[in-house]
Amino acid sequence: MSNLDFVIEELVTANRILANEGIVDSFGHVSARHPDNPKHYLLSRARAPERIERSDIVEYTLDGAAIDENAGAPYVERFIHGAIYEARPDVHAVVHNHSPSVIPFGVTAKKLKPFLHMCAHIGQEVPVWDCRDKFGDTTLLVSDMAMGRDLAGLLGLRPTTLMRGHGATVVGRSVRHAVFVSVYLEVGAKLQMQAMALGEIKFLSAAEIDQIVGRLNDYTLNRAWENWARRAGRQMQES
Ligand SMILES: [Zn+2]
């Protein structure tokens, strides 16, 4: 199997996992940097993640043009992906989702921060991108490269960012990594709302986060991936 075949198969599984775990619904998407050409990325045509097949995966340039002019209609928000790959050579996968528990943290002054060890991977602080700051009143969708680059600028070197009134964007060193962080971003947001109702929260320290992030290896990612993949009716590929 070629590197490209492997990544396309990973993307189909990632879409099914994210749908099955409630991270995406009919909307949201996951991409991977092209394994043989870092200036291109792979992303499904506009379709609900749960329905995506291998034949839906389209190759795009970083500015969001499909290589195959007969490819199906693209996601409006594909610019999120290209702008992040342009800014972050270390990133090989991007998830954009509207996972429900993160939304309140994008519209209030409450900061989403990790206190469960599995959530350390969301980063020390999750910034909130507000498109109104620079682009005024819009549909809130990231509909061109200027918006994508502004979002990528706020993301900086972090793994996650929220988007006000909209959702979240998560990056990873692999498809499995980006899916893993996306799942625990939702878990962390849900738990934080529960903990806030009880009282003051003792968050992870920066040093604890660094240690936990430093220990994340393929063993952990693969253990989660195998379980989530099989739960979504997909097999895990040997990596
Ligand atoms: Zn969106």
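Both ligands and their constituent atoms are indexed starting at 1 by order of listing.
- In terms of distance to the Zn ion (ligand 1), the nearest N, O or S atom of His166 is named NE2.
- No donor-acceptor pair under 3.5 Å is formed between the side chain of Asn3 and the backbone N or O of Phe6.
- The aromatic rings of Tyr41 and His81 sit parallel, their planes meeting at an angle under 30°, below the 60° perpendicular limit.
- Considering just the N/O/S atoms of His96, the one nearest the Zn ion (ligand 1) carries the name NE2.
- Between His98 and His96, the angle of the ring planes goes over 60°, which puts this pair in the perpendicular group of the 30/60° scheme.
- A salt bridge is defined here as a Lys NZ or Arg NE, NH1 or NH2 lying under 4.0 Å from an Asp or Glu carboxylate O, and Glu86 with Arg149 meets this definition.
- The Zn ion (ligand 1) is closest to atom OE1 of Glu77 (considering only N, O or S atoms).
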